[in-house]
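So the structure is just underneath, and the comments pick up after that.
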Amino acid sequence: MIWRRALAGGLLCAGSLAAQAPTSAELLARGDAAWERREHPIAFAAYDSVVRGDSAFSTRALFRVGTLHAWENRLTEAIAAHRLYVRLEPQDLEGQVALARTYAWASRFPAAIAEYDSVLVREADYRDAVLGRATALAWW
């Protein structure tokens, strides 16, 4: 009888430890590992959990959530994530290029060209912005 209570107590302890939610840092590490393995659905789930669950989330997670939304043709969600990323990381030109690219994929060409232009004002020879702008103009 005593061993049953001890066993039950041990299982309850182990169960409560296993039930603890992973930290944002753990989720970010899982997302990064899955990203490197190109396991995008797993990466998305981890990054999305970071963004949704932590008010001080990683902007890297936000950028990748936007990218993965875009790759899955969820362009409204991708634009929202990339716009927030650009607002939080205004110095990151790659974020602006990602936003511009997503606008172009969504056939929002004036917004795409304006975003590319804002990158090119800061760095006139930014290759991805030059090519992206030309592509957006050709699609328009």
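Position 1 is the first residue of the sequence, and the numbers go up from there.
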Could you go through residues 80-89 and list every donor-acceptor pair under 3.5 Å that involves a side-chain atom there, pairing it with any protein atom two or more places apart or in another chain?
residue: H82; atom: ND1; partner: A78; partner atom: O; Å: 3.4
residue: H82; atom: ND1; partner: T102; partner atom: OG1; Å: 3.3
residue: H82; atom: NE2; partner: T67; partner atom: N; Å: 3.3
residue: Y85; atom: OH; partner: D92; partner atom: OD2; Å: 2.3
residue: E89; atom: OE2; partner: T59; partner atom: OG1; Å: 2.9

If we ignore hydrogens and angles and just use 3.5 Å, is the side chain of R30 paired with the main-chain N or O of I42 as donor and acceptor?
no

Decide yes or no on side-chain contact (heavy atoms from CB on, under 4.5 Å) for R108 and L75, but give the supporting numbers first.
CA-CA 11 Å; R108 294 176 59 181; L75 300 176; over 6 Å; no

Could you list the donor-acceptor pairs under 3.5 angstrom formed by side chains in residues 113-120, with sequence neighbours left out?
residue: E115; atom: OE2; partner: Q96; partner atom: NE2; Å: 3.0
residue: Y116; atom: OH; partner: R101; partner atom: N; Å: 3.4
residue: D117; atom: OD1; partner: R133; partner atom: NE; Å: 2.4
residue: D117; atom: OD1; partner: R133; partner atom: NH2; Å: 3.4
residue: S118; atom: OG; partner: Q96; partner atom: NE2; Å: 2.8
residue: S118; atom: OG; partner: E115; partner atom: O; Å: 2.7

Can you list everything that forms a salt bridge (Lys or Arg N to Asp or Glu O under 4.0 Å) with R37? Sequence neighbours excluded, please.
E39

Please identify each residue that fulfils salt bridge (Lys or Arg N to Asp or Glu O under 4.0 Å) with D48, with sequence neighbours left out.
R52

Quick check: closest heavy atoms across A46 and L27, and the distance to 0.1 Å?
CB-O, 3.3 Å

Here the pair of heavy atoms bringing A104 nearest to A112 is N-CB, 3.6 Å

Qualifying residue for ring-ring contact (aromatic ring centres under 6.0 Å, His included) with W71, from W105, W35, F44:
W35

Sequence neighbours left out, what pairs pass salt bridge (Lys or Arg N to Asp or Glu O under 4.0 Å) with at least one residue falling in residues 64-80?
D32-R64

For the atom pair NE2 (H69) and OG1 (T76), what is the distance rounded to the nearest 0.5 Å?
10.0 Å

Heavy atoms, side chains only, cut-off 4.5 Å: are W140 and P110 in contact?
yes

Check ring-ring contact (aromatic ring centres under 6.0 Å, His included) between Y126 and all other residues, then give those that pass, not counting sequence neighbours.
none

